[in-house]
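We count residues from 1, following the sequence as given. Only a predicted model underlies this, so the values are computations on that prediction, with no experimental measurement involved.
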Amino acid sequence: MSEELAEAPAPLTKKEARKAQGFEMAPARCLNCTRFDPPRHGVPPIGDRPAVPYKPPLCGIGGFEVRPSSICDEWVGKGGETLDGAPEVANITTEQFDRAFDAVVSGSEPASE
């Protein structure tokens, strides 16, 4: 009978559940790309001020309309990271790259600046 009433494992905490599921709070997408050109909401004319037309969100590379949740192969994060995991050379210094590379090789967290 004790086998039938075996104690169920303790439920995971929210932090443990996120880690177990590989949850990402801000995954790569147009909204957090350095090249994302956000929308401009239209404003009607007020007094002497002219109207400001609506502008949709655009890709800063191709100039085409995007959705904030979209993604492309040319995505570059705010820290210079790319989808293949390599930093974009134009956005970081050699020293920053070397520190990040050494951290990956040693298995430790890179030092933040």
- Does Q21 reach the main-chain N or O of R18 with its side chain, forming a donor-acceptor pair under 3.5 Å? no
- Query: Counting only N and O atoms by type, is there a donor-acceptor contact under 3.5 Å from the side chain of K55 to the main-chain atoms of P38?
  - Reply: yes
- Report, as yes or no, whether the 6.0 Å neighbourhood of atom CZ on R40 holds more than 12 heavy atoms from other residues, nucleotides or ligands. yes
- Query: Which value, rounded to the nearest 0.5 Å, describes the distance between L31 atom CG and S70 atom OG?
  - Reply: 10.5 Å
- Note on the structure: Heavy-atom closest pair (L12 atom, A20 atom, distance to 0.1 Å) is CD1-CB, 4.4 Å
- Task: May I have the step-by-step check of side-chain contact (heavy atoms from CB on, under 4.5 Å) for L58 and F64, ending in yes or no?
- Result: CA-CA 5 Å; L58 303 172; F64 52 87; over 6 Å; no
- Item | Non-hydrogen side-chain atoms of P39 and P57 separated by less than 4.5 Å | yes
- Message: Counting neighbours of NZ on K78 that are heavy atoms of other residues, nucleotides or ligands and sit closer than 6.0 Å, is the number greater than 12?
- Response: yes
- Item | Gap separating the SG atom of C30 from the CG atom of D37, nearest 0.5 angstrom | 11.5 Å
- Message: Side chains of E81 and W75, heavy atoms from C-beta outward: is any pair under 4.5 Å?
- Response: yes
- Task: Evaluate the side-chain proximity of I71 to L83: yes if any heavy-atom separation is below 4.5 Å, no if none is.
- Result: yes
- Pairwise distance SG(C59) to CD(E74) - rounded to 0.5 angstrom: 9.0 Å
